[in-house]
Amino acid sequence: MTMKKTPPHGFTITRATVADLGDLTMLFDAYRMFYHKASDPAIAREFLRERIARDESVILLARDDADRTALGFTQLYPGFSSVSARRLWILNDLFVMATARRCGVARALMESAREHAVQTGALRLVLSTAKDNAQAQALYESLGYVRDEAMYEYALELTTVAE
């Protein structure tokens with residue numbers, strides 16, 4: 001059985017609002033499962049609702065022009081460069097449904113993210129990806145992203161105490 005592919009350029013990208021939560025929840029839950037998390041639409045919905053309600057992120061949503069099906073999204077978080085005293089955007093999430101991959105949706109979402117960053121006067125748009133994600137790296141590099149070999153990324157995992 002062949003999966004239906006969305007035709008290139010047959011989609012529109014808009015900034016998501018609370019009205020898009022149903023479709024965003026489905027996409028975000030699928031995104032989390034891609035990263036080996038258990039399906040949990042309630043967590044996905046609440047997380048996204050909070051980001052939108054608190055204006056803590058910008059979520060760009062791609063929809064099929066013909067039937068308005070949600071195809072993919074990217075989520076940007078604001079950040080700042082203290083040294084440059086300028087805003088930057090962190091492209092934290094990028095996901096496209098399997099049926100819409102290799103049709104230009106991810107590239108268009110990335111371009112929309114770049115346009116948003118430019119329109120808001122940002123110094124740069126930053127992202128990170130797994131070292132073994134060659135497909136994503138090829139996309140990013142084809143769009144002009146440059147791998148920073150000079151910096152190391154560190155993380156400190158924090159646990160919360162149950163109340």
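- With rounding to the nearest 0.5 Å, the separation of CG in Leu27 from CG in Leu48 is 9.5 Å.
- Between Ser128 atom OG and Ile90 atom CD1 the span is 9.0 Å, to the nearest 0.5 Å.
- Of all the heavy atoms in Arg32 and Ala38, the pair that sits closest is NH1-O, 3.8 Å.
- In this structure, Glu46 and Leu21 have side chains that are not in contact, with every pair of non-hydrogen atoms separated by 4.5 Å or more.
- Aromatic rings from Phe73 and Tyr31 are positioned such that their centres are separated by under 6.0 Å.
- Remark: the backbone N or O of Ala19 is paired with a side-chain donor or acceptor of Thr17 at under 3.5 angstrom.
- If you chain together hydrophobic residues whose side chains sit under 4.5 Å apart, Val118 and Val146 never meet in one group.
- One hydrophobic cluster, built from ILVMFWY side chains closer than 4.5 Å, cannot hold both Val126 and Leu76; they sit in different ones.
- Note on Leu125: it clusters hydrophobically with Tyr140, by side-chain heavy-atom contacts below 4.5 Å among ILVMFWY residues.
- Both Met26 and Ile52 sit in one connected hydrophobic cluster of ILVMFWY residues. Membership requires side-chain heavy atoms under 4.5 Å apart, directly or through other members.
- The backbone N or O of Gly121 sits less than 3.5 Å from a side-chain atom of Arg86, completing a donor-acceptor pair.
- With salt bridges taken as basic N to acidic carboxylate O contacts below 4.0 Å, one links Asp20 and Arg63.
- Because its NZ or CZ atom is not both nearer than 6.0 Å to the ring centre of Phe47 and within 45° of the ring axis, Arg45 does not count as a cation-pi partner of that residue.
- Contact of the Thr74 side chain with the Leu91 side chain is registered, since non-hydrogen atoms from C-beta on lie closer than 4.5 Å.
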Assess the residue pair Val105 and Phe11 against the criterion (side-chain contact (heavy atoms from CB on, under 4.5 Å)); give the C-alpha distance rounded to whole Å, side-chain angles, the decisive distance to 0.1 Å, and a yes or no.
CA-CA 8 Å; Val105 176; Phe11 54 87; 3.7 Å; yes
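- Taking a 6.0 Å sphere around CD of Gln135, one finds it holds 12 or fewer heavy atoms contributed by other residues, nucleotides or ligands.
- When hydrophobic clusters are built by joining Ile, Leu, Val, Met, Phe, Trp and Tyr residues whose side-chain heavy atoms come closer than 4.5 Å, directly or via intermediates, Leu60 is grouped together with Leu139.
- Expressed to the nearest 0.5 Å, how far CD of Gln75 lies from CZ of Phe95 amounts to 14.0 Å.
- The line from CD of Gln137 to CD of Glu141 is 6.5 Å long, rounded to the nearest 0.5 Å.
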Would you check, one step at a time, whether the test side-chain hydrogen bond (donor to acceptor under 3.5 Å, both in side chains) holds for Arg49 with Thr25?
CA-CA 9 Å; Arg49 188 199 63 73; Thr25 296; over 6 Å; no
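- Summarising the geometry of Arg107 relative to Ser142, their closest heavy-atom pair is NH2-OG, 2.8 Å, with the distance given to 0.1 Å.
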Ile13 vs Leu109, side-chain contact (heavy atoms from CB on, under 4.5 Å): CA-CA, chis, key distance, verdict:
CA-CA 7 Å; Ile13 297 172; Leu109 284 164; 3.9 Å; yes
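- Residues Arg87 and Ser81 have side chains that never bring a donor and an acceptor to within less than 3.5 angstrom of each other.
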